[in-house]
Number of protein chains: 2
Amino acid sequence: MDHLAQVLVQLFAVLLAAKVGDEVFKRIGQPPVIGEILGGVLVGPAVLGLYEVNAETALFAEIGVVLLLFQVGVETRIGDLLRVGATAAGAGVLGVVLPMGGGIAAGWLLGYPIEVSVFLGAALTATSVGITSRVLADLGAVRTVSGRVILGAAVIDDVMAMLILAFAAGLAAGTVTAAEIGTLVGLAVAFIGIVLLVGTRVLRRRPSLLTDPVFAETPFLPGMILMLGLAALAAIIGLAAIIGAFLAGMVVGESSEKHALEEEVAPVAAFFTPFFFGFIGAQVDVGTFTDPGTLALLVGITLLAVATKFIGSFVGALRAGVARAVVIGWGMVPRGEVGIVVAGLGLSAGAIGGQLYSVVVGMAILTTLLVPPFLPALLARAEPATSDQEPDSPAT
Amino acid sequence: MDHLAQVLVQLFAVLLAAKVGDEVFKRIGQPPVIGEILGGVLVGPAVLGLYEVNAETALFAEIGVVLLLFQVGVETRIGDLLRVGATAAGAGVLGVVLPMGGGIAAGWLLGYPIEVSVFLGAALTATSVGITSRVLADLGAVRTVSGRVILGAAVIDDVMAMLILAFAAGLAAGTVTAAEIGTLVGLAVAFIGIVLLVGTRVLRRRPSLLTDPVFAETPFLPGMILMLGLAALAAIIGLAAIIGAFLAGMVVGESSEKHALEEEVAPVAAFFTPFFFGFIGAQVDVGTFTDPGTLALLVGITLLAVATKFIGSFVGALRAGVARAVVIGWGMVPRGEVGIVVAGLGLSAGAIGGQLYSVVVGMAILTTLLVPPFLPALLARAEPATSDQEPDSPAT
């Protein structure tokens, strides 16, 4: 079988398995996204071995989550984010400080050297907003106060996580200078600020800009170009690609013909996102956890990850009210692919070993699986108004 | 810059360049698909070097042409193909015999060993129907007699080309048995026959089959799963993946909700196909042709490729009338990515050298660039009836 045939088989297997999982979970009334992940586990290396983690499948997964955040960005207006800015900042900052501190403390208690402890802290820190976004989108709750605070906090969280990671990598390599950290902060803030303020303003002044080219009857293809470009730029300066995609969505969402755009993005995202959730599932290596010591470490680290992130974001978001703060804290819990990427960096930098790597990957997947079952009920309590209606002015 | 960032930059560069090329060529009234290819040349390794040929970009290109043929398949009914069956068979068979014979004869005249001559014949043989499909689709001419004969002939052409290639590869490796060739023929015919006859019949009896799952409001996602599955199967048995995708489109096209399906496939195809045309452009290595001997060989081989394919398919299609036979012969001329794949196989099998490889790749691209400028006028003369109307019963 030649290489192309192998890759086509893998893409076929994961798309089929994810949609079968989706179908089964819809029929038994459980979150379909969990079904998609379990479908990925089934065809992944741990069970059937039809799907493997390689350059092509990783790219399809990445484009899947990039499209998901682009779609969420299109639904998000910059004013919506700014109005919940203070709450989002509180949830983002405290939701970073607690897991970071908890990870370092746990590493110290376990007797790891300082650079390992810092890596563990970094791996516990970064929220992956992909799964929460999907649940919010499924429930039509992207524009509720809770939804907007989560998205704003995720952007702040990602910037801080990037800085912590740069610091941890520098520590592992033996060098880290204040100038480097300063440059990173400056680049990240400039990127986000320029895209959001200049980009949305240009389009608001001329909403037909994206449909001016002859090739573009709708803003769809210009939007896809901008999405790839800003995702690439974000990745170049060290942010997650999904942050760039989210910002691109917010800019393009100011366009006229927004409805046509959303209709055309939807099938592209529907095609790609199962690869993302299936890919998360494919990374589960059940075999590692037959060792009782590793299993105990996994349980402990996962509890620590859930508790520190939930408490940090909950306390930081309290000004939005207790019910909303619960949703926000819980929505920030998944570490998903970001945790896996950080663990991979730590492994290749020689900072963490194979056992801790497996544990961090397991933690990232467990935190991702834990969130969807409870989020809908928590959200219904916190945001009784139906979706897509502008809720009352938030308490910021 | 990490690997993901690099790939995102490449995808961004080729999508932007292809759409700018599309825009420029639309404005100057030339075929937009040529603009997309030239955009690919511009950002490719030969000029700016922003785009390179690697596993990920090759996959995006492949999925692009797979989606293109799937889309064409959805528009094609099996009855339409069978009604032009005899004409398509004539165009397909003669359009294979002449280039194959011409290639072997040219190799003999140039003094190449027999296995090199057979590889050259194989590289001249296989039509790539991607570019012609795109032009037909742009003009709404997929369902005209000429369009249907071209698609049917392309399927026959691909089966024969696969057999010739298996024969050439066996010759280069020193072994080729009648049993192997027989197995290949049996597999290919069984695959195409079963998919077309059983697949379309099952869906015609139960057109709602693909929307029965809860996850599928339209046949779009089940269609994408079937497309990947049949493309993979075709590739496994040695056919081009696009043949499987074309058959999948024909099956899914029998579904109810066909209109919703077409509306959802369109943006996915619009997103992916520029990567295919950009990728063709990126493979142009202008530097090789500064050597006068290589350039002369390129011109000679290209003229041979155009003449033998055009005359073969023209004569084979004459029963459809002269004007249509001209369209059909011309529409079969592009070798595109299939020629490049054959050349690559010959290179890695050690059957052909670097110079002949460059010449075959150059021939594949030139035949692809030659077709779109003339096809619309030829088609307007042969098929005066407007698109999507069922033309008169063909002369078969």
Side-chain angles (χ1 to χ4, degrees), chain A residues 1-13 15-16 19-23 26-27 32 35 54-56 58-60 62-63 66 213-216 218 220-222 224-238 241 244 263-268 270-272 274 341 345, chain B residues 1-13 15-16 19-23 26-27 32 35 54-56 58-60 62-63 66 213-216 218 220-222 224-238 241 244 263-268 270-272 274 341 345:
Chain A
M1 207 192 302
D2 72 357
H3 184 68
L4 170 68
Q6 280 172 12
V7 172
L8 287 172
V9 169
Q10 288 165 10
L11 295 179
F12 164 70
L15 188 59
L16 177 63
K19 295 325 286 184
V20 169
D22 176 352
E23 179 77 12
K26 272 204 179 108
R27 285 181 187 251
N54 56 29
E56 292 97 335
L59 178 65
F60 262 61
E62 181 68 27
I63 301 285
V66 157
V214 185
F215 79 79
T218 73
F220 169 66
L221 278 174
M224 290 293 98
I225 294 171
L226 193 70
M227 177 191 83
L228 288 175
L230 293 184
L233 251 177
I236 288 171
I237 65 176
E263 281 212 334
E264 294 193 296
V265 172
V268 186
F271 172 68
F272 267 111
V341 167
L345 288 174
Chain B
M1 206 193 303
D2 72 358
H3 185 67
L4 171 68
Q6 280 172 11
V7 173
L8 287 171
V9 168
Q10 288 165 10
L11 295 179
F12 164 69
L15 188 59
L16 178 64
K19 296 324 287 184
V20 169
D22 176 353
E23 180 77 10
K26 273 204 178 108
R27 285 182 188 250
N54 57 29
E56 293 97 333
L59 178 64
F60 263 62
E62 182 67 28
I63 300 285
V66 157
V214 184
F215 78 78
T218 73
F220 169 66
L221 278 174
M224 290 292 99
I225 294 171
L226 193 69
M227 177 191 82
L228 288 175
L230 293 185
L233 252 176
I236 288 171
I237 65 176
E263 280 210 334
E264 294 193 298
V265 172
V268 186
F271 172 68
F272 268 111
V341 167
L345 287 174

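All of these numbers come straight from a predicted model, not from anything done at the bench. Lettering follows sequence order; numbering is per chain, from 1. Hydrogens, waters and symmetry mates are skipped; everything else that's a heavy atom, side chains included, is used.
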Participant: Between atom CG of B/Leu15 and atom CG of A/Leu221, what is the distance when rounded to the nearest 0.5 Å?
Facilitator: 6.5 Å
Participant: Counting the benzene-type ring for Trp, do A/Phe60 and B/Phe60 have ring centres under 6.0 Å apart?
Facilitator: yes
Participant: Calculate, to the nearest 0.5 Å, the distance between atoms CG and CG belonging to B/Leu4 and A/Leu59 respectively.
Facilitator: 7.5 Å
Participant: Is chain B contacted by the side chain of A/Lys19, its backbone, both, or neither, given a heavy-atom distance below 4.5 Å?
Facilitator: both
Participant: If every non-hydrogen atom of B/Pro213 is compared with every non-hydrogen atom of A/Arg27, which pair is closest and at what distance?
Facilitator: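 For B/Pro213 versus A/Arg27, the nearest heavy atoms are CA-NH2, 4.4 Å.
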Participant: Let's test your reading of the structure: which of B/Gln10, B/Lys26, B/Met227, B/Glu56 forms the most heavy-atom pairs below 4.5 Å with chain A?
Facilitator: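 Top count of heavy-atom pairs under 4.5 Å with chain A: B/Glu56.
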Participant: If you compare all heavy atoms of A/Leu8 against all heavy atoms of B/Ile63, which two are closest, and at what distance to 0.1 Å?
Facilitator: CD2-CD1, 4.1 Å
Participant: Let me know if A/Leu16 has heavy atoms under 4.5 Å from chain B in its side chain, its backbone, both or neither.
Facilitator: both
Participant: Answer yes or no: is there a donor N or O on one side and an acceptor on the other, between the side chain of B/Glu23 and the main chain of A/Phe215, under 3.5 Å?
Facilitator: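 At least one qualifying donor-acceptor pair exists.
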Participant: For A/Glu62, is it the side chain, the backbone, both or neither that has a heavy atom under 4.5 Å from a heavy atom of chain B?
Facilitator: side chain
Participant: Heavy-atom distance under 4.5 Å to chain B: side chain of A/Val7, backbone, both or neither?
Facilitator: side chain
Participant: Atom CD in B/Gln6, atom CD1 in A/Ile236: separation rounded to 0.5 Å?
Facilitator: 9.0 Å
Participant: Can you give me the closest heavy-atom contact between B/Ala270 and A/Phe220, atom names plus distance?
Facilitator: CB-CE2, 4.5 Å
Participant: Side chains of B/Phe271 and A/Phe271: closer than 4.5 Å at any heavy-atom pair?
Facilitator: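 They are not in side-chain contact.
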Participant: Chain B: which of A/Asp22, A/Leu11, A/Leu228 shares the most heavy-atom pairs with it under 4.5 Å?
Facilitator: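 Going by pairs under 4.5 Å, I would pick A/Leu228.
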Participant: Between CD of A/Glu263 and CD of B/Glu264, what distance do you get to the nearest 0.5 Å?
Facilitator: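 It comes to 9.0 Å.
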